[in-house]
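All remarks here apply to the structure that follows.
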Amino acid sequence: MTTSAKQYVNDVFEIVKKRNPGETEFHQAVKEIFDSLVPIFEQDPVYIEHNILERMVEPERIISFRVPWVDDEGKVRVNRGFRVQFNSAIGPYKGGLRFHPSVNASIIKFLGFEQIFKNSLTGQPIGGGKGGSDFDPKGKSDNEIMRFCQSFMSELSKHIGPDTDVPAGDIGVGAREIGYLFGQYKKMRGGYEAGVLTGKGLDFGGSLTRTEATGYGTVYFVNEMLKDQNDSFEGKTVVVSGSGNVSIYAIEKATELGAKVVACSDSNGYIYDKNGINLETVKRLKEVERKRIKEYVNEHPEAEFKTEDGGIWSIPCDIALPCATQNELNEEAAKTLVSNGVKAVGEGANMPSTLDAIDVFLDNGVLFGPAKAANAGGVAVSALEMAQNSARLAWTFEEVDEKLQNIMANIYKNSVDNAEKYGHPGNLVVGANIAGFRKVADVMIAQGVI
Ligand code: NDP
(Lines give C-alpha, C1' and ligand atoms only; values in the text may rest on other atoms or scores of the structure.)
Protein backbone atom coordinates (compact mmCIF):
# COMPACT_ATOMS: atom_id res chain seq x y z
CA MET A 1 0.00 0.00 0.00
CA THR A 2 1.37 3.43 -0.87
CA THR A 3 1.55 6.06 1.83
CA SER A 4 -0.67 9.08 1.27
CA ALA A 5 1.03 12.47 1.07
CA LYS A 6 -0.60 13.67 4.26
CA GLN A 7 0.29 10.49 6.13
CA TYR A 8 3.91 10.72 4.97
CA VAL A 9 4.23 14.33 6.11
CA ASN A 10 2.64 13.55 9.48
CA ASP A 11 4.89 10.52 10.02
CA VAL A 12 8.06 12.48 9.33
CA PHE A 13 6.87 15.33 11.54
CA GLU A 14 6.45 12.85 14.43
CA ILE A 15 10.05 11.71 13.85
CA VAL A 16 11.22 15.32 13.92
CA LYS A 17 9.50 15.95 17.26
CA LYS A 18 10.93 12.75 18.75
CA ARG A 19 14.48 13.40 17.53
CA ASN A 20 14.48 17.06 18.53
CA PRO A 21 12.57 17.23 21.84
CA GLY A 22 11.64 20.65 23.16
CA GLU A 23 12.90 22.51 20.08
CA THR A 24 9.71 24.50 19.57
CA GLU A 25 11.00 27.02 17.02
CA PHE A 26 12.45 24.24 14.90
CA HIS A 27 9.16 22.30 15.08
CA GLN A 28 7.25 25.44 14.06
CA ALA A 29 9.42 26.09 11.00
CA VAL A 30 9.24 22.44 9.96
CA LYS A 31 5.43 22.34 10.39
CA GLU A 32 4.92 25.40 8.19
CA ILE A 33 7.01 23.92 5.41
CA PHE A 34 5.70 20.35 5.71
CA ASP A 35 2.04 21.41 5.56
CA SER A 36 2.63 23.43 2.43
CA LEU A 37 4.44 20.56 0.67
CA VAL A 38 1.49 18.14 0.75
CA PRO A 39 0.26 19.22 -2.74
CA ILE A 40 3.60 18.42 -4.40
CA PHE A 41 3.76 14.98 -2.75
CA GLU A 42 0.22 14.31 -3.95
CA GLN A 43 1.16 15.13 -7.54
CA ASP A 44 4.61 13.59 -7.47
CA PRO A 45 5.10 10.59 -5.16
CA VAL A 46 8.72 10.20 -6.30
CA TYR A 47 9.70 12.43 -3.37
CA ILE A 48 8.00 10.03 -0.94
CA GLU A 49 9.70 7.02 -2.58
CA HIS A 50 13.09 8.65 -2.00
CA ASN A 51 12.12 9.66 1.56
CA ILE A 52 13.37 13.15 0.77
CA LEU A 53 11.69 14.85 3.71
CA GLU A 54 13.29 12.75 6.43
CA ARG A 55 16.67 13.25 4.79
CA MET A 56 16.17 16.98 4.36
CA VAL A 57 15.10 17.64 7.91
CA GLU A 58 18.22 16.06 9.42
CA PRO A 59 21.19 18.48 9.22
CA GLU A 60 24.21 17.13 7.39
CA ARG A 61 26.33 18.28 10.33
CA ILE A 62 25.92 20.22 13.60
CA ILE A 63 28.95 21.80 15.23
CA SER A 64 28.69 23.09 18.79
CA PHE A 65 31.68 24.55 20.58
CA ARG A 66 33.00 26.43 23.60
CA VAL A 67 33.78 30.12 23.13
CA PRO A 68 35.93 31.38 26.04
CA TRP A 69 36.93 35.06 26.15
CA VAL A 70 38.19 37.64 28.62
CA ASP A 71 36.09 40.72 29.49
CA ASP A 72 37.43 44.21 30.21
CA GLU A 73 37.66 43.43 33.95
CA GLY A 74 39.89 40.45 33.23
CA LYS A 75 37.16 37.92 34.03
CA VAL A 76 36.99 34.75 31.92
CA ARG A 77 33.59 34.30 30.28
CA VAL A 78 32.23 31.33 28.36
CA ASN A 79 29.59 31.22 25.62
CA ARG A 80 28.38 28.48 23.32
CA GLY A 81 28.93 28.65 19.56
CA PHE A 82 26.96 26.81 16.86
CA ARG A 83 27.15 26.11 13.16
CA VAL A 84 24.46 23.97 11.57
CA GLN A 85 25.48 22.79 8.11
CA PHE A 86 22.05 21.78 6.94
CA ASN A 87 22.09 21.01 3.24
CA SER A 88 24.78 21.25 0.57
CA ALA A 89 22.90 19.71 -2.39
CA ILE A 90 23.00 22.81 -4.58
CA GLY A 91 26.06 24.64 -3.24
CA PRO A 92 28.23 25.44 -0.21
CA TYR A 93 26.36 25.98 3.05
CA LYS A 94 25.31 29.61 3.28
CA GLY A 95 23.56 31.51 6.06
CA GLY A 96 24.19 34.11 8.74
CA LEU A 97 25.58 34.13 12.26
CA ARG A 98 23.36 35.39 15.08
CA PHE A 99 24.72 36.72 18.39
CA HIS A 100 21.83 37.01 20.86
CA PRO A 101 21.25 35.60 24.36
CA SER A 102 18.23 33.61 23.10
CA VAL A 103 20.36 31.56 20.66
CA ASN A 104 20.16 27.79 21.17
CA ALA A 105 20.05 24.66 19.00
CA SER A 106 16.33 25.11 18.24
CA ILE A 107 16.72 28.68 16.96
CA ILE A 108 19.75 27.86 14.81
CA LYS A 109 18.06 24.77 13.38
CA PHE A 110 14.86 26.63 12.50
CA LEU A 111 16.90 29.31 10.76
CA GLY A 112 19.13 26.78 8.99
CA PHE A 113 16.20 24.71 7.78
CA GLU A 114 14.41 27.74 6.34
CA GLN A 115 17.65 28.87 4.74
CA ILE A 116 17.73 25.76 2.48
CA PHE A 117 14.47 26.78 0.80
CA LYS A 118 15.23 30.49 0.73
CA ASN A 119 18.61 29.99 -0.88
CA SER A 120 17.16 27.66 -3.48
CA LEU A 121 14.49 30.26 -4.29
CA THR A 122 17.11 32.90 -5.09
CA GLY A 123 18.12 30.79 -8.11
CA GLN A 124 21.76 30.85 -6.99
CA PRO A 125 24.02 27.87 -6.22
CA ILE A 126 24.00 28.07 -2.41
CA GLY A 127 23.11 25.44 0.19
CA GLY A 128 21.61 26.09 3.62
CA GLY A 129 23.32 26.72 6.95
CA LYS A 130 23.16 28.97 10.00
CA GLY A 131 25.19 29.64 13.12
CA GLY A 132 25.71 31.91 16.07
CA SER A 133 26.16 32.16 19.78
CA ASP A 134 24.25 32.99 22.96
CA PHE A 135 26.71 35.90 23.42
CA ASP A 136 24.94 39.22 24.10
CA PRO A 137 26.70 42.09 22.28
CA LYS A 138 24.60 44.72 24.10
CA GLY A 139 26.65 46.83 26.46
CA LYS A 140 29.96 45.24 25.45
CA SER A 141 32.96 47.40 24.55
CA ASP A 142 34.54 47.25 21.10
CA ASN A 143 37.47 45.32 22.55
CA GLU A 144 35.19 42.76 24.17
CA ILE A 145 33.34 42.27 20.87
CA MET A 146 36.68 41.81 19.10
CA ARG A 147 37.98 39.27 21.61
CA PHE A 148 34.74 37.33 21.46
CA CYS A 149 34.75 37.28 17.63
CA GLN A 150 38.37 36.10 17.61
CA SER A 151 37.67 33.24 19.99
CA PHE A 152 34.52 32.27 18.07
CA MET A 153 36.39 32.22 14.75
CA SER A 154 39.39 30.32 16.14
CA GLU A 155 37.10 27.28 16.29
CA LEU A 156 34.70 28.05 13.44
CA SER A 157 37.58 28.50 10.97
CA LYS A 158 38.18 24.74 11.06
CA HIS A 159 34.78 24.12 9.53
CA ILE A 160 34.21 26.85 6.92
CA GLY A 161 35.75 28.01 3.63
CA PRO A 162 34.78 29.75 0.36
CA ASP A 163 33.78 26.41 -1.22
CA THR A 164 32.39 24.67 1.86
CA ASP A 165 30.51 27.07 4.13
CA VAL A 166 30.16 30.84 3.86
CA PRO A 167 28.65 32.62 6.91
CA ALA A 168 27.31 36.21 6.97
CA GLY A 169 25.63 38.52 9.50
CA ASP A 170 22.25 38.29 11.24
CA ILE A 171 20.91 39.70 14.53
CA GLY A 172 23.84 41.14 16.51
CA VAL A 173 26.35 40.54 13.71
CA GLY A 174 26.93 43.52 11.44
CA ALA A 175 29.88 45.07 9.58
CA ARG A 176 31.99 45.50 12.74
CA GLU A 177 31.68 41.84 13.77
CA ILE A 178 32.23 40.54 10.22
CA GLY A 179 35.45 42.59 10.10
CA TYR A 180 36.80 41.02 13.31
CA LEU A 181 35.69 37.54 12.22
CA PHE A 182 37.35 37.90 8.83
CA GLY A 183 40.58 39.19 10.38
CA GLN A 184 40.83 36.17 12.66
CA TYR A 185 39.97 33.74 9.84
CA LYS A 186 42.73 35.23 7.70
CA LYS A 187 45.22 34.87 10.55
CA MET A 188 44.20 31.25 11.26
CA ARG A 189 44.40 30.24 7.58
CA GLY A 190 47.43 32.26 6.56
CA GLY A 191 45.80 33.18 3.25
CA TYR A 192 43.43 35.77 1.84
CA GLU A 193 40.22 33.87 1.13
CA ALA A 194 37.86 36.81 0.64
CA GLY A 195 34.89 34.61 -0.25
CA VAL A 196 34.70 32.90 3.16
CA LEU A 197 32.35 35.50 4.67
CA THR A 198 29.88 37.92 3.15
CA GLY A 199 28.79 41.31 4.41
CA LYS A 200 32.43 42.41 4.52
CA GLY A 201 33.59 46.05 4.48
CA LEU A 202 33.78 47.57 1.01
CA ASP A 203 37.58 47.88 1.14
CA PHE A 204 38.16 44.18 1.73
CA GLY A 205 35.83 42.39 -0.64
CA GLY A 206 32.39 43.55 0.44
CA SER A 207 29.69 44.19 -2.15
CA LEU A 208 27.90 47.47 -2.64
CA THR A 209 24.19 47.10 -1.79
CA ARG A 210 24.78 44.15 0.63
CA THR A 211 24.03 46.37 3.65
CA GLU A 212 20.75 47.51 2.11
CA ALA A 213 19.83 44.23 0.39
CA THR A 214 17.48 42.52 2.86
CA GLY A 215 15.44 45.63 3.67
CA TYR A 216 15.36 46.87 0.06
CA GLY A 217 14.56 43.35 -1.16
CA THR A 218 11.60 43.03 1.21
CA VAL A 219 10.16 46.27 -0.10
CA TYR A 220 10.81 45.23 -3.73
CA PHE A 221 8.94 41.98 -3.04
CA VAL A 222 5.95 43.76 -1.48
CA ASN A 223 6.01 46.17 -4.39
CA GLU A 224 5.65 43.21 -6.78
CA MET A 225 2.60 42.01 -4.81
CA LEU A 226 1.10 45.50 -4.96
CA LYS A 227 1.87 45.92 -8.67
CA ASP A 228 -0.18 42.79 -9.40
CA GLN A 229 -3.14 44.61 -7.84
CA ASN A 230 -2.38 47.81 -9.80
CA ASP A 231 -1.24 49.39 -6.56
CA SER A 232 2.02 50.77 -5.15
CA PHE A 233 3.74 52.16 -2.03
CA GLU A 234 2.82 55.71 -3.05
CA GLY A 235 0.83 57.41 -0.27
CA LYS A 236 0.70 54.29 1.94
CA THR A 237 1.14 54.29 5.72
CA VAL A 238 3.71 51.70 6.77
CA VAL A 239 4.74 50.19 10.11
CA VAL A 240 8.16 48.52 10.37
CA SER A 241 9.21 46.64 13.51
CA GLY A 242 12.83 46.60 14.67
CA SER A 243 15.43 49.26 14.01
CA GLY A 244 18.38 47.14 12.93
CA ASN A 245 19.88 46.42 9.55
CA VAL A 246 16.77 45.01 7.86
CA SER A 247 14.38 47.59 9.32
CA ILE A 248 16.50 50.65 8.51
CA TYR A 249 16.79 49.82 4.82
CA ALA A 250 13.14 48.73 4.56
CA ILE A 251 12.19 52.15 5.94
CA GLU A 252 14.57 53.84 3.49
CA LYS A 253 13.23 52.10 0.38
CA ALA A 254 9.54 52.32 1.39
CA THR A 255 9.99 56.06 1.96
CA GLU A 256 11.79 56.43 -1.39
CA LEU A 257 8.81 54.76 -3.08
CA GLY A 258 6.45 57.36 -1.64
CA ALA A 259 5.20 55.74 1.56
CA LYS A 260 5.11 57.26 5.05
CA VAL A 261 6.69 54.99 7.69
CA VAL A 262 5.18 55.99 11.04
CA ALA A 263 6.68 53.49 13.51
CA CYS A 264 9.68 51.30 14.32
CA SER A 265 10.96 49.58 17.46
CA ASP A 266 13.64 47.75 19.43
CA SER A 267 13.32 45.17 22.18
CA ASN A 268 12.47 47.89 24.74
CA GLY A 269 9.49 49.40 22.89
CA TYR A 270 8.39 51.31 19.83
CA ILE A 271 8.23 54.88 18.56
CA TYR A 272 5.25 56.34 16.76
CA ASP A 273 5.82 59.48 14.70
CA LYS A 274 2.68 60.47 12.84
CA ASN A 275 4.69 62.82 10.61
CA GLY A 276 6.84 59.97 9.37
CA ILE A 277 10.01 58.56 10.94
CA ASN A 278 13.14 60.68 10.51
CA LEU A 279 15.47 57.97 9.23
CA GLU A 280 18.66 59.99 9.64
CA THR A 281 18.02 60.13 13.39
CA VAL A 282 17.33 56.37 13.57
CA LYS A 283 20.46 55.57 11.55
CA ARG A 284 22.68 57.71 13.76
CA LEU A 285 21.16 56.37 17.00
CA LYS A 286 21.41 52.74 15.90
CA GLU A 287 24.31 52.46 13.47
CA VAL A 288 26.71 55.00 14.98
CA GLU A 289 25.83 55.65 18.62
CA ARG A 290 24.35 52.16 19.31
CA LYS A 291 21.65 53.67 21.54
CA ARG A 292 18.06 52.67 22.35
CA ILE A 293 15.19 53.72 20.06
CA LYS A 294 13.47 55.64 22.88
CA GLU A 295 16.17 58.34 22.52
CA TYR A 296 14.42 59.31 19.26
CA VAL A 297 11.73 61.25 21.15
CA ASN A 298 14.36 63.51 22.76
CA GLU A 299 15.08 64.91 19.28
CA HIS A 300 11.52 64.62 17.92
CA PRO A 301 9.18 65.60 20.79
CA GLU A 302 6.11 65.20 18.58
CA ALA A 303 6.82 61.43 18.49
CA GLU A 304 5.71 59.01 21.21
CA PHE A 305 7.60 56.12 22.81
CA LYS A 306 5.54 53.16 24.05
CA THR A 307 6.46 49.87 25.67
CA GLU A 308 3.55 47.42 25.36
CA ASP A 309 4.59 44.06 23.95
CA GLY A 310 3.52 43.68 20.33
CA GLY A 311 1.85 47.10 20.60
CA ILE A 312 3.42 48.33 17.39
CA TRP A 313 0.86 46.26 15.43
CA SER A 314 -2.03 48.25 16.95
CA ILE A 315 -1.01 51.27 14.87
CA PRO A 316 -3.32 51.50 11.83
CA CYS A 317 -1.38 50.99 8.60
CA ASP A 318 -1.76 49.86 4.97
CA ILE A 319 1.46 47.83 4.95
CA ALA A 320 3.15 46.01 7.85
CA LEU A 321 6.79 44.92 7.63
CA PRO A 322 7.87 42.79 10.61
CA CYS A 323 11.67 43.09 10.52
CA ALA A 324 12.80 42.34 14.11
CA THR A 325 12.68 38.69 15.17
CA GLN A 326 10.79 35.37 15.23
CA ASN A 327 7.21 35.19 16.58
CA GLU A 328 6.90 38.94 17.08
CA LEU A 329 3.48 39.03 15.37
CA ASN A 330 0.85 36.70 16.87
CA GLU A 331 -2.77 35.88 16.03
CA GLU A 332 -4.17 38.73 18.09
CA ALA A 333 -1.83 41.25 16.45
CA ALA A 334 -2.77 39.89 13.02
CA LYS A 335 -6.47 40.33 13.79
CA THR A 336 -5.83 43.91 14.92
CA LEU A 337 -3.93 44.66 11.72
CA VAL A 338 -6.77 43.17 9.63
CA SER A 339 -9.46 45.11 11.47
CA ASN A 340 -7.41 48.28 10.89
CA GLY A 341 -7.45 47.57 7.15
CA VAL A 342 -3.91 46.30 6.44
CA LYS A 343 -3.49 45.47 2.73
CA ALA A 344 -0.08 43.80 2.63
CA VAL A 345 2.39 42.18 5.01
CA GLY A 346 6.01 41.50 4.02
CA GLU A 347 8.22 39.49 6.37
CA GLY A 348 11.68 41.07 6.57
CA ALA A 349 12.59 39.03 9.66
CA ASN A 350 12.73 35.22 9.76
CA MET A 351 9.47 33.59 10.95
CA PRO A 352 8.14 36.82 12.53
CA SER A 353 4.49 35.70 12.19
CA THR A 354 3.17 32.76 14.17
CA LEU A 355 1.37 30.01 12.21
CA ASP A 356 -2.00 31.32 13.52
CA ALA A 357 -1.16 34.86 12.43
CA ILE A 358 -0.36 33.65 8.90
CA ASP A 359 -3.75 31.93 8.76
CA VAL A 360 -5.46 35.18 9.76
CA PHE A 361 -3.75 37.04 6.90
CA LEU A 362 -4.46 34.36 4.30
CA ASP A 363 -8.08 33.90 5.40
CA ASN A 364 -8.70 37.65 5.13
CA GLY A 365 -7.21 38.19 1.71
CA VAL A 366 -4.21 40.19 2.95
CA LEU A 367 -1.30 40.06 0.47
CA PHE A 368 1.24 38.03 2.44
CA GLY A 369 4.93 37.82 1.52
CA PRO A 370 6.50 35.00 3.60
CA ALA A 371 10.04 35.44 4.91
CA LYS A 372 11.70 32.82 2.72
CA ALA A 373 10.65 34.78 -0.33
CA ALA A 374 10.38 38.35 0.93
CA ASN A 375 13.70 38.56 2.80
CA ALA A 376 15.79 36.49 0.37
CA GLY A 377 17.42 39.65 -1.02
CA GLY A 378 20.11 39.62 1.66
CA VAL A 379 21.42 36.18 0.90
CA ALA A 380 20.98 36.76 -2.84
CA VAL A 381 23.33 39.74 -2.71
CA SER A 382 25.66 37.69 -0.48
CA ALA A 383 25.89 35.22 -3.36
CA LEU A 384 26.65 38.16 -5.67
CA GLU A 385 29.40 39.16 -3.22
CA MET A 386 30.85 35.63 -3.52
CA ALA A 387 30.74 35.90 -7.32
CA GLN A 388 32.59 39.24 -7.23
CA ASN A 389 35.19 37.81 -4.83
CA SER A 390 35.82 34.83 -7.13
CA ALA A 391 36.22 37.10 -10.14
CA ARG A 392 38.21 39.71 -8.14
CA LEU A 393 35.82 42.38 -9.39
CA ALA A 394 33.56 44.98 -7.78
CA TRP A 395 30.26 45.90 -9.39
CA THR A 396 28.63 49.33 -8.95
CA PHE A 397 25.77 50.00 -6.56
CA GLU A 398 23.39 50.38 -9.51
CA GLU A 399 24.44 47.06 -11.08
CA VAL A 400 23.91 45.12 -7.85
CA ASP A 401 20.66 46.92 -7.07
CA GLU A 402 19.31 46.10 -10.51
CA LYS A 403 20.24 42.44 -10.11
CA LEU A 404 18.54 42.47 -6.68
CA GLN A 405 15.33 43.90 -8.16
CA ASN A 406 15.33 41.22 -10.87
CA ILE A 407 15.95 38.45 -8.34
CA MET A 408 13.06 39.64 -6.12
CA ALA A 409 10.73 39.87 -9.12
CA ASN A 410 11.72 36.33 -10.17
CA ILE A 411 11.17 34.96 -6.66
CA TYR A 412 7.74 36.57 -6.65
CA LYS A 413 6.82 35.14 -10.05
CA ASN A 414 8.14 31.70 -9.18
CA SER A 415 6.13 31.68 -5.92
CA VAL A 416 2.95 32.86 -7.68
CA ASP A 417 3.33 30.25 -10.44
CA ASN A 418 3.89 27.36 -8.03
CA ALA A 419 1.00 28.41 -5.79
CA GLU A 420 -1.22 28.34 -8.87
CA LYS A 421 0.20 25.09 -10.25
CA TYR A 422 -0.33 23.22 -6.97
CA GLY A 423 -3.88 24.40 -6.42
CA HIS A 424 -3.45 27.30 -3.97
CA PRO A 425 -3.58 30.45 -6.11
CA GLY A 426 -2.36 33.54 -4.29
CA ASN A 427 -0.94 31.56 -1.36
CA LEU A 428 2.74 32.50 -1.50
CA VAL A 429 3.57 30.38 1.56
CA VAL A 430 2.72 27.28 -0.47
CA GLY A 431 4.22 28.70 -3.67
CA ALA A 432 7.57 29.73 -2.14
CA ASN A 433 8.00 26.53 -0.13
CA ILE A 434 7.26 24.27 -3.09
CA ALA A 435 9.48 26.25 -5.47
CA GLY A 436 12.37 26.17 -3.00
CA PHE A 437 11.84 22.50 -2.15
CA ARG A 438 11.59 21.12 -5.66
CA LYS A 439 15.03 22.17 -6.86
CA VAL A 440 16.84 20.87 -3.77
CA ALA A 441 14.84 17.62 -3.75
CA ASP A 442 15.55 16.92 -7.43
CA VAL A 443 19.26 17.49 -6.88
CA MET A 444 19.28 15.22 -3.81
CA ILE A 445 17.74 12.47 -5.93
CA ALA A 446 20.28 13.08 -8.71
CA GLN A 447 23.19 12.90 -6.25
CA GLY A 448 22.05 9.64 -4.65
CA VAL A 449 21.63 8.60 -1.02
CA ILE A 450 24.59 10.32 0.63
P1 NDP B 1 19.87 43.56 13.84
O2 NDP B 1 20.61 43.00 14.99
O3 NDP B 1 20.53 44.56 12.97
O4 NDP B 1 18.50 44.20 14.33
C5 NDP B 1 17.53 43.47 15.01
C6 NDP B 1 16.45 44.42 15.45
O7 NDP B 1 15.36 43.67 15.96
C8 NDP B 1 16.90 45.35 16.56
O9 NDP B 1 16.19 46.55 16.46
C10 NDP B 1 16.48 44.58 17.80
O11 NDP B 1 16.30 45.37 18.96
C12 NDP B 1 15.17 44.01 17.35
N13 NDP B 1 14.88 42.81 18.14
C14 NDP B 1 15.65 41.70 18.29
N15 NDP B 1 15.07 40.83 19.12
C16 NDP B 1 13.92 41.42 19.50
C17 NDP B 1 12.87 41.03 20.37
N18 NDP B 1 12.91 39.85 21.02
N19 NDP B 1 11.83 41.88 20.51
C20 NDP B 1 11.79 43.06 19.83
N21 NDP B 1 12.76 43.48 19.01
C22 NDP B 1 13.80 42.68 18.87
O23 NDP B 1 19.38 42.29 12.99
P24 NDP B 1 18.91 42.23 11.47
O25 NDP B 1 18.20 43.48 11.11
O26 NDP B 1 20.05 41.77 10.67
O27 NDP B 1 17.88 41.02 11.52
C28 NDP B 1 16.48 41.19 11.79
C29 NDP B 1 15.71 39.99 11.31
O30 NDP B 1 15.91 39.83 9.90
C31 NDP B 1 16.10 38.64 11.92
O32 NDP B 1 14.97 37.82 12.00
C33 NDP B 1 17.07 38.08 10.89
O34 NDP B 1 17.16 36.66 10.97
C35 NDP B 1 16.38 38.51 9.61
N36 NDP B 1 17.21 38.54 8.42
C37 NDP B 1 18.36 39.30 8.38
C38 NDP B 1 19.11 39.34 7.23
C39 NDP B 1 20.28 40.23 7.10
O40 NDP B 1 20.79 40.35 5.96
N41 NDP B 1 20.74 40.89 8.11
C42 NDP B 1 18.78 38.49 6.06
C43 NDP B 1 17.50 37.82 6.16
C44 NDP B 1 16.79 37.83 7.34
P45 NDP B 1 17.39 45.32 20.15
O46 NDP B 1 18.56 46.09 19.63
O47 NDP B 1 16.71 45.94 21.31
O48 NDP B 1 17.72 43.86 20.39
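Aromatic pair F148/F99: centroids less than 6.0 angstrom apart.
Side chain to side chain, T198 and K94 meet the donor-acceptor criterion of an N or O pair below 3.5 Å. Residues S154 and Q184 have side chains that bring a donor and an acceptor to within less than 3.5 angstrom of each other. Judged purely by distance below 3.5 Å, without hydrogens or angles, the side chains of Y296 and D273 pair a donor atom with an acceptor atom. Using a 3.5 Å distance cut-off with no hydrogens or angles, the side chains of N350 and K372 do not pair a donor with an acceptor.
The environment of R80 atom CZ is sparse: at most 12 non-hydrogen atoms of other residues, nucleotides or ligands sit within 6.0 angstrom. Few gaps surround CD on E299; more than 12 heavy atoms of other groups in view lie less than 6.0 Å from it. Taking a 6.0 Å sphere around CD of E193, one finds it holds more than 12 heavy atoms contributed by other residues, nucleotides or ligands. Heavy-atom contacts from other residues, nucleotides or ligands closer than 6.0 Å to NZ of K294 number 12 or fewer.
Of the possible polar contacts, one joining the K140 side chain to the D136 backbone as a donor-acceptor pair under 3.5 Å is found.
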- prompt: Under the side-chain contact (heavy atoms from CB on, under 4.5 Å) criterion, do Q85 and T164 qualify, and how do the steps go?
  reply: CA-CA 10 Å; Q85 298 181 329; T164 49; over 6 Å; no
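Ring orientation note: the planes of F361 and F368 are close to parallel, at an angle under 30° on the 30°/60° scale.
Contact annotation: the side chain of L97 never approaches that of S133 to less than 4.5 Å [non-hydrogen atoms, C-beta and beyond].
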